Protein chains: 2
Amino acid sequence: MATIYEVSELAGVSLATVSRVMNGNTRVSEAKRTKVLAAMKELNYRPNSIAQSLASNCTNSVGLLVSELYGPFFGEMMSGVEGELRAAGKHVIVAAGHSDEASEKDAIEFLISRKCDALILHVDAVSDEYLLDLNKKGTPVVVINRYVEGLGESCICLNNELGGYLATKAVLEMGHRQIAYVSGPMWKMDVRERLAGHKRALKEFGCEVPDSLYIEGDFHEEGGVAAMQQLLKQKQPFTAVVCANDEMACGVMNCARDNDLDVPSDVSVMGFDNVIMSRYTFPHLTTIDFPSGEMGRMAANWVRHHIYEDKKKPLNTLFEPTLVLRDSLRKIA
Amino acid sequence: MATIYEVSELAGVSLATVSRVMNGNTRVSEAKRTKVLAAMKELNYRPNSIAQSLASNCTNSVGLLVSELYGPFFGEMMSGVEGELRAAGKHVIVAAGHSDEASEKDAIEFLISRKCDALILHVDAVSDEYLLDLNKKGTPVVVINRYVEGLGESCICLNNELGGYLATKAVLEMGHRQIAYVSGPMWKMDVRERLAGHKRALKEFGCEVPDSLYIEGDFHEEGGVAAMQQLLKQKQPFTAVVCANDEMACGVMNCARDNDLDVPSDVSVMGFDNVIMSRYTFPHLTTIDFPSGEMGRMAANWVRHHIYEDKKKPLNTLFEPTLVLRDSLRKIA
DNA sequence: TGCTTAAATGTAAGCGCTTTCACAAAGTGT
DNA sequence: ACACTTTGTGAAAGCGCTTACATTTAAGCA
């Protein structure tokens, strides 16, 4: 691999000049620029980006930490981040945090050790203080789907409370009053927000629901199945079940069917996230759209603007969820 | 951030000694090692991995190129790669190739420019020659789900032909003889292999199928829907449809239902890949397991052994698909 | 004790870039 | 013509490490 030195030699200029034409931030005479470019082409020169990083103290890489690399939710987010960042010539280094505090911290340390210029984090186990501290210590951080007081505009959030509200409101407007709710793990912030929205809608419609219709799920299909089984075992009647995500809604629908209940004739089901899969289920799932790809793209843009381009132009960091009506919700008689 | 120099100063040793205790490949006296370790801890020293990379000509990072970052198939693969590689302290840089030749080449260039120690590729648009050339020019490459003559053991493959065979054999054994086939894009190697397996099974059972029952799909749900629509529009009867992947099988099932056909009473459906989603569909999809996570892990291990540990121990690079029986396939009367 | 050999450590030369600084060349305005 | 900017360029000092080589120290043995 040719080095900058060989290029400078062939072009008959100094190292500095070659570097200048590469970076394009200083003026170079047309004559030398042409020579350098020709020499580069002839030698098939590619700058060594590691050397560039060391000298410039900028690695052109950003770390992306998600809970899991699989799963439709993160897939779209990652896709958004990667697309935007690569278009800007930045590398993205991925890591999985597995929703576990030690693992998340470990992953963050790992990304920092690679000197990422910034970190895009979707974490739920780590504390707000930890994130704040991280940022204070000089690692630019943007957090997805979580609001951290003090991190300000670098939190790319969905209004989860509103999502929860919209979901349940839609169910209520269809006439349902006996509404079961399958939440995610309650230690997660977004789970509590969605639940809060649910309760707000209930209150608004003057609807009271017994505690036994609240089940804490695990965000997985299995959890949905388990929740539905428990719900069915109880005598407490219900005509609809609102789920805190689509996977669990899937489980609920499958379990309903296994118990000879038709969705939506016998039970209506509401999801959350609008994961790709929800379009393919039977019946097609009515859900709340979580624009994860869009948010990933926005996170990437935040990094581009704030870290690489220094244009502190304001970005949209609060996204609004929307209702996606499909077939799993039906008006009650 | 403290540098190695400050550590050496504080510990009262030379730079080289500090470097030695870090790398642990040369003997250092216990006394000095202890001092150095203490100094490191006191200064909260973290080696600058960029500088290490430049000096050692090893970046400890491997590039991972997949067609798309979303989608269950790649998700599991990536997850396997990341898990294994991070455990070994290696960074994974991801990129998406979008099954487009220019885009794939671009992504590969991009990863090389970051001086990845090796590349793990899931590509389908780029030619064998290109990959061979890449490898010859000094970029260690491991290819997933594709066999490239000359790359030998660094191809992590699934026996797609066998998968295609198993799928169709299972359908035939259920008594079906009028079997439609929805393939993926025929320019993809694995698509042709799966089809070859399909035809072998057909031949083995002495079953002849008219051309009109072969439809070229796009590997997406929409393609499955379109294929099924076309099949239904034709007068040519069929009792089962074998699909080259699960997404399309989903589309086929949805389309069947929209036309008041019950799966599997009226039509049986067979998938391929055993994507997570296939467990959640209704009916649960009978399919062929593609151990993508396992293959990702194997690719990562190949890199670990061949690039970082230089133990050329043989690895399992040819995976066998297996049949996963669920509910979308039924014995014909 | 003196000599040989091995082990531990330090010195210094890179790795391939960026960037500051100094300086020469070429314009400007008066 | 002069002093005074402006513009283009090169020399050289890093960036924070690794590692070949030189040097010192310790150990082994006759």
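Just so you know, these numbers come straight off a predicted model, no measurement behind them. Numbers restart at 1 for each chain; the letters A, B, ... are given by sequence-line order, proteins then strands. When reading the values below, keep in mind they use all heavy atoms of this one structure, side chains included, and skip hydrogens, waters and symmetry mates.
Checking C:dG16, D:dT18, D:dG10 against the side-chain heavy atoms of B:A55 singles out D:dT18 as nearest. Of all nucleotides listed (C:dC17, D:dC21, D:dG10), D:dG10 comes nearest to the side chain of A:A16. In this structure, of D:dG16, C:dG16, C:dT19, it is D:dG16 that holds the atom nearest to the side chain of B:A51. The side chain of B:R20 has D:dA20 as its nearest neighbour among D:dT9, C:dC17, D:dA20. Checking C:dG10, C:dT18, C:dG16 against the side-chain heavy atoms of A:S19 singles out C:dT18 as nearest.
Between the side chain of A:R33 and the base of D:dG8 there is no donor-acceptor pair of N/O atoms closer than 3.5 Å.
Side chain of A:S103 to main chain of A:H98: no donor-acceptor pair is present (N/O by atom type, distance under 3.5 Å, no hydrogens or angles). Panel note: side chain B:S53, backbone B:S49; a donor-acceptor pair is recorded below 3.5 Å. Of the possible polar contacts, one joining the A:T34 side chain to the A:E30 backbone as a donor-acceptor pair under 3.5 Å is found.
Listed by chain and number, the residues in a ring pair (Phe, Tyr, Trp, His ring centres under 6.0 Å) with A:F219 amount to none (sequence neighbours excluded).
Taking atom CZ of A:R114 as the reference point, atom P of D:dG16 lies 15 Å away to the nearest angstrom. Rounded to whole Å, atom C1' of D:dT18 lies 11 Å from atom CG of B:N57. Following rounding to the nearest Å, A:Y45 (OH) and C:dG16 (P) show an atom-to-atom distance of 10 Å. Rounded to whole Å, the distance from CG on A:L54 to P on C:dC15 is 14 Å. For A:E6 and C:dG16, the CD to P distance is 9 Å, given to the nearest whole Å. Here C:dG16 presents its P atom at 15 Å from CE of A:M40, a figure rounded to the nearest Å. One can place CG of B:N60 at 20 Å from P of C:dC15, the figure rounded to the nearest angstrom. Per the geometry, CE belonging to A:M1 stands 16 Å off P belonging to C:dC15, to the nearest Å.
Heavy-atom contacts from other residues, nucleotides or ligands closer than 6.0 Å to CG of A:N316 number more than 12. The number of heavy atoms from other shown groups lying within 6.0 Å of CE (B:M189) does not exceed 12.
For D:dG10, the OP1/OP2 oxygens have a side-chain nitrogen or oxygen of A:T17 closer than 4.0 Å. Regarding contacts with the backbone of C:dG14, every side-chain N or O of A:Y5 stays at 4.0 angstrom or more from both OP1 and OP2. Of the side-chain N and O atoms in A:S14, one or more sit less than 4.0 angstrom from OP1 or OP2 of D:dG10. For B:Q52, a side-chain nitrogen or oxygen approaches OP1 or OP2 of D:dT18 to under 4.0 Å. At the phosphate of C:dG10, OP1 or OP2 sits under 4.0 Å from a side-chain N or O atom of B:K32.
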CA sep, side-chain torsions, deciding dist, call: A:K105, A:E109, salt bridge (charged side-chain N to carboxylate O under 4.0 Å, His left out):
CA-CA 6 Å; A:K105 284 188 179 175; A:E109 272 291 318; over 6 Å; no
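Taking a cutoff of 4.0 Å between a charged side-chain nitrogen and a carboxylate oxygen, B:D117 and B:K90 do not qualify as a salt bridge.
Proximity of residues 22-29 of chain B to DNA chain D (heavy atom under 4.0 angstrom from any strand atom) is restricted to B:M22, B:N23.
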